[in-house]
Amino acid sequence: MPCENLTQKRERAAEIERRMFEHYGEGACSLDHVDPFTLTVAVILSAQCTDAAVNKVTPELFARFGTPEAMAAASIEDIEAIIHPLGFFRSKAKNLKACAQTVLAEFGGEVPRTMADLQKLPGVGRKTANVVMCQAFRDPQGIAVDTHVFRIAHQLGFATRNDDTPEKVEAKLMKIYPQSDWLYINHQWVHFGREFCVARRPKCQECFLADICPSSGK
């Protein structure tokens, strides 16, 4: 595929999004949740482990500590006992309790609705904040770059070798995609990464983006 200028990348991105929407619709969130707080908890837990693993522990966690009030009052040991199967469960348990306490103390018991305020919550970085803004509030302020989005952005030629951090990849994607598409990219690309653009062996011959992907067949 020849070298593209920004306008050409935007045109190709628009076609990619058209096909993504045709195949996945808006894309469903892979983490089970019922409200902004349980979504925030689930995303915090998803660091360094799979969404499927998180979904196995959250039914009990949410049944017992599914509100900021209940989580803030819970003992670290009780939280650890539930999320023990997940990676870094000790630090995650501390973050969950501290996050709930901060929601109560600083935000009146409601998960905040801005990127800046979300990132004041223990355990919440930019990626988590992006997920909450898009999924819970449908107010995209950026693009959540997880391992799938990071990999696919490079495969599609929207990021280069120099874009070696999630922040750099996000900045590139935000220049190429209009803000109206930021709402969908993470969920769609996660599904795409699991179904077609698999890390170990991409299924290029079956992929609906093969004809406009510079990495197809490589």
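- With hydrogens and angles ignored, the 3.5 Å screen pairs a side-chain donor or acceptor of Arg10 with a backbone N or O of Lys175.
- The side chain to side chain contact (heavy atoms under 4.5 Å, CB included) search around Ala47 returns Lys92, not counting sequence neighbours.
- Closest approach of Ile212 and Arg12 over heavy atoms only: O-NH1, 3.0 Å.
- Within the 4.5 Å cutoff, the side chain of Pro202 has heavy atoms near those of the Gln155 side chain.
- A donor-acceptor contact shorter than 3.5 Å links the side chain of Trp182 to the backbone of Tyr177.
- In this structure, Leu96 and Leu45 have side chains that are in contact, with non-hydrogen atoms separated by less than 4.5 Å.
- Residues Leu39 and Val131 come closest through the heavy atom pair CD2-O, 4.2 Å.
- Between Ser46 and Asp51 the shortest heavy-atom distance is CB-OD1, 3.8 Å.
- Qualifying side chain to side chain donor-acceptor pair (under 3.5 Å) partners for Arg138, counting only residues two or more places apart in sequence or in other chains: Glu26.
- Within the 3.5 Å criterion, the main-chain N or O of Ala74 finds no donor-acceptor partner in the side chain of Arg64.
- Between the side chain of Lys9 and the backbone N or O of Phe158 there is no donor-acceptor pair closer than 3.5 Å.
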Inset, instruction - For side-chain contact (heavy atoms from CB on, under 4.5 Å), just list the numbers for Gln135 and Leu31, CA-CA rounded to whole Å, side-chain angles, deciding distance to a tenth of an Å, and then say yes or no. - result: CA-CA 10 Å; Gln135 178 67 19; Leu31 292 166; over 6 Å; no
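- Side-chain contact between Asp211 and Ser216: absent, with no pair of heavy atoms (C-beta onward) separated by less than 4.5 Å.
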Inset, instruction - Output, in order, the C-alpha distance, side-chain angles, deciding distance and verdict of side-chain contact (heavy atoms from CB on, under 4.5 Å) for Ile16 and Phe192. - result: CA-CA 11 Å; Ile16 287 170; Phe192 179 70; over 6 Å; no
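- Rounding to the nearest 0.5 Å places SG of Cys197 at 11.5 Å from NZ of Lys203.
- The nearest pair of heavy atoms linking Cys204 to Gly217 is SG-N, 3.4 Å.
- The distance from atom CG of Asn95 to atom CD1 of Ile44, rounded to the nearest 0.5 Å, is 6.5 Å.
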Inset, instruction - Applying side-chain contact (heavy atoms from CB on, under 4.5 Å), run through Arg19 and Leu209 and close with a yes or a no. - result: CA-CA 8 Å; Arg19 297 185 192 185; Leu209 299 180; 3.8 Å; yes
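- Side-chain contact between Val198 and Arg201: absent, with no pair of heavy atoms (C-beta onward) separated by less than 4.5 Å.
- Not counting sequence neighbours, the partners of Phe89 by the ring-ring contact (aromatic ring centres under 6.0 Å, His included) test are His84.
- Listed for the Glu17 side chain is no donor-acceptor partner under 3.5 Å among the backbone atoms of Ala14.
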Inset, instruction - Carefully, step by step, assess Val190 and Asp146 under the rule side-chain contact (heavy atoms from CB on, under 4.5 Å). - result: CA-CA 8 Å; Val190 166; Asp146 57 15; 3.2 Å; yes
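- At distances below 3.5 Å, not a single donor-acceptor pair connects side-chain atoms of Gln188 with backbone N or O atoms of Gly27.
- By the side chain to side chain contact (heavy atoms under 4.5 Å, CB included) test, Pro178 is found to be paired with Ser180, Asp181, residues two or more places apart in sequence or in another chain being considered.
- Every residue two or more places apart in sequence or in another chain that forms a ring-ring contact (aromatic ring centres under 6.0 Å, His included) with His154 is listed here: Phe150.
- Considering only residues two or more places apart in sequence or on other chains, His33 meets the ring-ring contact (aromatic ring centres under 6.0 Å, His included) condition with none of them.
- In this structure, the side chain of Arg194 does not engage the main chain of His148 through any donor-acceptor pair within 3.5 Å.
- Taking His23 as the reference, Phe196, Phe208 meet the ring-ring contact (aromatic ring centres under 6.0 Å, His included) condition, with sequence neighbours excluded.
- Taking Thr160 as the reference, Asp163 meet the side chain to side chain donor-acceptor pair (under 3.5 Å) condition, with sequence neighbours excluded.
- Between Ala93 and Ile83, the closest heavy-atom pair is N-CD1, 3.7 Å.
- Evaluation of the side chain to side chain donor-acceptor pair (under 3.5 Å) rule for Asn55 yields no partner, not counting sequence neighbours.
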Which pairs of donor and acceptor atoms, one on a side chain in residues 103-116, lie under 3.5 Å apart (sequence neighbours left out)?
residue: Thr114; atom: OG1; partner: Asp117; partner atom: N; Å: 3.1
residue: Thr114; atom: OG1; partner: Asp117; partner atom: OD2; Å: 3.4

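- Between the CD1 atom in Ile143 and the NZ atom in Lys127 there is a gap of 14.5 Å [rounded to 0.5 Å].
- Residue Ser75 holds its OG atom at 7.0 Å from NZ of Lys97, rounded to the nearest 0.5 Å.
- Taking every heavy atom of both residues into account, Phe37 and Ala100 meet most closely at CZ-CB, 4.0 Å.
- A donor-acceptor distance shorter than 3.5 angstrom exists from the side chain of His191 to the backbone of Ala28, with no hydrogens or angles considered.
- Residues that satisfy the side chain to side chain contact (heavy atoms under 4.5 Å, CB included) test with Lys94, not counting sequence neighbours, are Ile76.
- Taking 4.5 Å as the limit, every side-chain heavy atom of Cys134 sits out of range of all side-chain heavy atoms of Asn186.
- Residue Ile152 holds its CD1 atom at 11.0 Å from OG of Ser215, rounded to the nearest 0.5 Å.
- Taking Ile, Leu, Val, Met, Phe, Trp and Tyr as members and joining any whose side-chain heavy atoms lie under 4.5 Å apart, directly or through other members, the hydrophobic cluster of Leu183 also contains Phe21, Tyr184.
- Separation of atoms CG (Asp35) and OG1 (Thr38) is listed at 3.5 Å; rounding is to 0.5 Å.
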